[in-house]
Amino acid sequence: MQSEQLDHTPSPERLAPDQLAGVGSHLTGALIAVDFDGTLAPIVRDPSQSRPVDGVIDTLIALARAGAQIAVVTGRDALTVLELGGLDAIPGLVISGVHGSQTWRDGELRSIEEAPGIDVLRTQLPPLLPEGVWLEDKRLSLVLHTRQAADPNSALDQLNTFVPDLVAQQGLETHPGKQVLEIRPPGLSKATALRELLTPDTTAAFYAGDDLGDLPAIAAVTRWAVDTGRPGLTVAVGEISELHSRVDLVVGSPAELARLLAGLLRD
Ligand SMILES: O=P(O)(O)OC[C@H]1O[C@H](O[C@H]2O[C@H](CO)[C@@H](O)[C@H](O)[C@H]2O)[C@H](O)[C@@H](O)[C@@H]1O
């Protein structure tokens with residue numbers, strides 16, 4: 001299913017002109033951090049087919065040339081996103097992968113060690129999975145995908161009856177997402193990434209995401225803006241209502257987000 005534009009989504013300009021202008025007029029030293037799936041790239045059935053929407057990479061390149069630090073903060077493996085997205089053309093890009101477990105910068109990847117429980121679950125889970133559910137192995141985390149099952153929601157309900165217990169037995173955590181259950185080591189979230197990315201020199205901060213896993217990053221940017229008094233702007237992309245009350249702006253789709261990012265260059 002593609003992200004759909006929400007009919008009732010107010011235009012970003014009407015919602016938060018001050019925050020938009022605040023970030024746009026402090027691009028030198030600004031952090032522009034964005035999630036990948038559902039934010040830069042529309043949601044698709046097969047994750048290997050995700051691609052950023054037309055024009056957004058060129059806009060991120062222009063924002064980087066204007067002095068912003070561009071970061072992609074993703075649940076994906078950093079190198080996978082780099083390849084899928086054609087992101088290496090963005091000057092100075094940082095990719096924070098697998099919910100803060102990895103950092104890719106200047107062609108080098110730093111990464112935490114694989115948790116031992118992951119290896120147990122990569123063997124234990126496959127024979128237990130309902131028809132049509134597949135396991136994405138990102139080494140540092142595992143993701144159970146139900147989008148390709150005949151009834152994705154009922155497959156998710158089935159998984160929720162036993163997966164969280166098996167995962168907890170390995171000292172790991174289960175996190176929900178868009179037709180996925182993500183299994184990862186405890187204490188990791190996109191806030192880990194934001195804490196590294198927001199430095200004393202950061203002049204303004206922008207974060208956009210589409211799913212529950214983006215809430216910690218949204219909270220980190222909101223907190224940073226309050227604590228520093230510098231401009232911060234958080235954006236939810238799409239329909240997940242839990243995000244809408246936590247952000248400054250809601251846009252309907254990755255294409256709308258791309259237009260919003262281009263708007264920062266004009267401010
Ligand atoms: O933090 P993100 O960059 O948004 O990554 C979150 C997960 O994204 C991927 O799954 C989601 O996108 C798929 C492709 O559009 C879609 O098929 C799936 O239903 C979505 O949940 C990715 O496969 C996961 O590893 C990421 O954790």
Side-chain angles (χ1 to χ4, degrees), residues 27-41 47-53 56-119 122 136-143 172-173 175 177 182-211 213-214 216-218 220-221 224 254 261 264:
L27 280 182
T28 303
L31 171 67
I32 308 283
V34 283
D35 165 59
F36 187 75
D37 291 284
T39 298
L40 287 185
S48 72
Q49 298 305 309
S50 294
R51 298 289 180 274
V53 284
V56 74
I57 299 300
D58 287 342
T59 298
L60 292 174
I61 291 170
L63 286 164
R65 289 190 178 139
Q69 168 66 65
I70 309 300
V72 174
V73 180
T74 175
R76 297 268 202 147
D77 170 75
L79 297 181
T80 302
V81 157
L82 189 68
E83 276 171 31
L84 285 178
L87 301 173
D88 45 2
I90 301 170
L93 176 72
V94 175
I95 303 176
S96 169
V98 197
H99 299 274
S101 310
Q102 308 172 315
T103 306
W104 181 92
R105 190 192 288 263
D106 296 331
E108 283 190 22
L109 185 67
R110 268 193 303 115
S111 183
I112 64 163
E113 294 293 311
E114 180 181 322
I118 293 281
D119 199 37
R122 72 160 58 90
E136 179 186 8
D137 189 343
K138 300 188 287 189
R139 196 177 64 82
L140 300 174
S141 96
L142 305 173
V143 182
L172 303 174
E173 292 177 353
H175 293 270
E182 174 128 17
I183 297 162
R184 53 183 203 242
L188 288 173
S189 77
K190 292 188 178 186
T192 319
L194 266 294
R195 280 194 287 271
E196 265 190 41
L197 291 163
L198 290 164
T199 73
D201 296 331
T202 304
T203 54
F206 175 101
Y207 186 84
D210 74 310
D211 206 352
D214 294 302
I218 288 165
V221 168
W224 175 87
L261 287 167
L264 292 176

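Taking the side chain as every heavy atom from C-beta outward, Pro254 and Val56 never approach each other to under 4.5 Å. Considering only heavy atoms from C-beta on, Leu194 comes within 4.5 Å of Leu31 through its side chain. Using a 4.5 Å heavy-atom threshold, the side chains of Glu196 and Val94 count as separate. Counting heavy atoms from C-beta on, the side chains of Thr28 and Thr203 never come closer than 4.5 Å. The side-chain heavy atoms of Leu264 and Ile32, taken from C-beta on, include a pair separated by under 4.5 Å. Looking at Phe206 and Val221, their side chains never come closer than 4.5 Å, going by heavy atoms from C-beta outward. Two residues are said to be in side-chain contact when any heavy atoms from C-beta on lie closer than 4.5 Å; Arg139 and Asp77 fail this criterion. The side-chain heavy atoms of Ile90 and Val72, taken from C-beta on, include no pair separated by under 4.5 Å.
Taking CZ of Arg65 as the start and CG of Leu27 as the end, the distance is 14.5 Å to the nearest 0.5 Å. Rounded to the nearest 0.5 Å, atoms CG (Asp35) and CG (Leu40) are 7.5 Å apart. Note: Leu197 CG to Gln69 CD = 7.0 Å, rounded to the nearest 0.5 Å. Expressed to the nearest 0.5 Å, how far CG of Leu188 lies from OG of Ser101 amounts to 4.5 Å. Rounded to the nearest 0.5 angstrom, Ile70 CD1 and Ile57 CD1 are separated by 10.0 Å. We find the CD1-CG distance between Ile118 and Leu142 to be 4.5 Å, quoted to the nearest 0.5 Å.
The side-chain hydrogen bond (donor to acceptor under 3.5 Å, both in side chains) test applied to Arg184 returns His99, not counting sequence neighbours. Residues forming a salt bridge (Lys or Arg N to Asp or Glu O under 4.0 Å) with Asp211 (at least two apart in sequence, or on another chain): none.
Of the possible polar contacts, none joining the Lys138 side chain to the Val143 backbone as a donor-acceptor pair under 3.5 Å is found.
Between Trp224 and Thr202 the shortest heavy-atom distance is CZ2-O, 3.5 Å. The heavy-atom pair separating Ala115 from Pro185 by the smallest distance is CB-CG, 4.2 Å. The two atoms that bring Glu182 and Ser141 nearest to each other are OE2-OG, 2.9 Å, heavy atoms only. Taking all atoms of both residues into account, the shortest heavy-atom contact from Ser111 to Leu140 is OG-CD1, 3.4 Å. Across Tyr207 and Ile218, no two heavy atoms sit closer than the pair CD2-CG1, 3.8 Å. Nearest heavy atoms, Leu79 versus Trp104: CD2-CD1, 3.6 Å.
No salt bridge links Arg76 with Glu83; every basic N to acidic carboxylate O contact stays at or beyond 4.0 Å.
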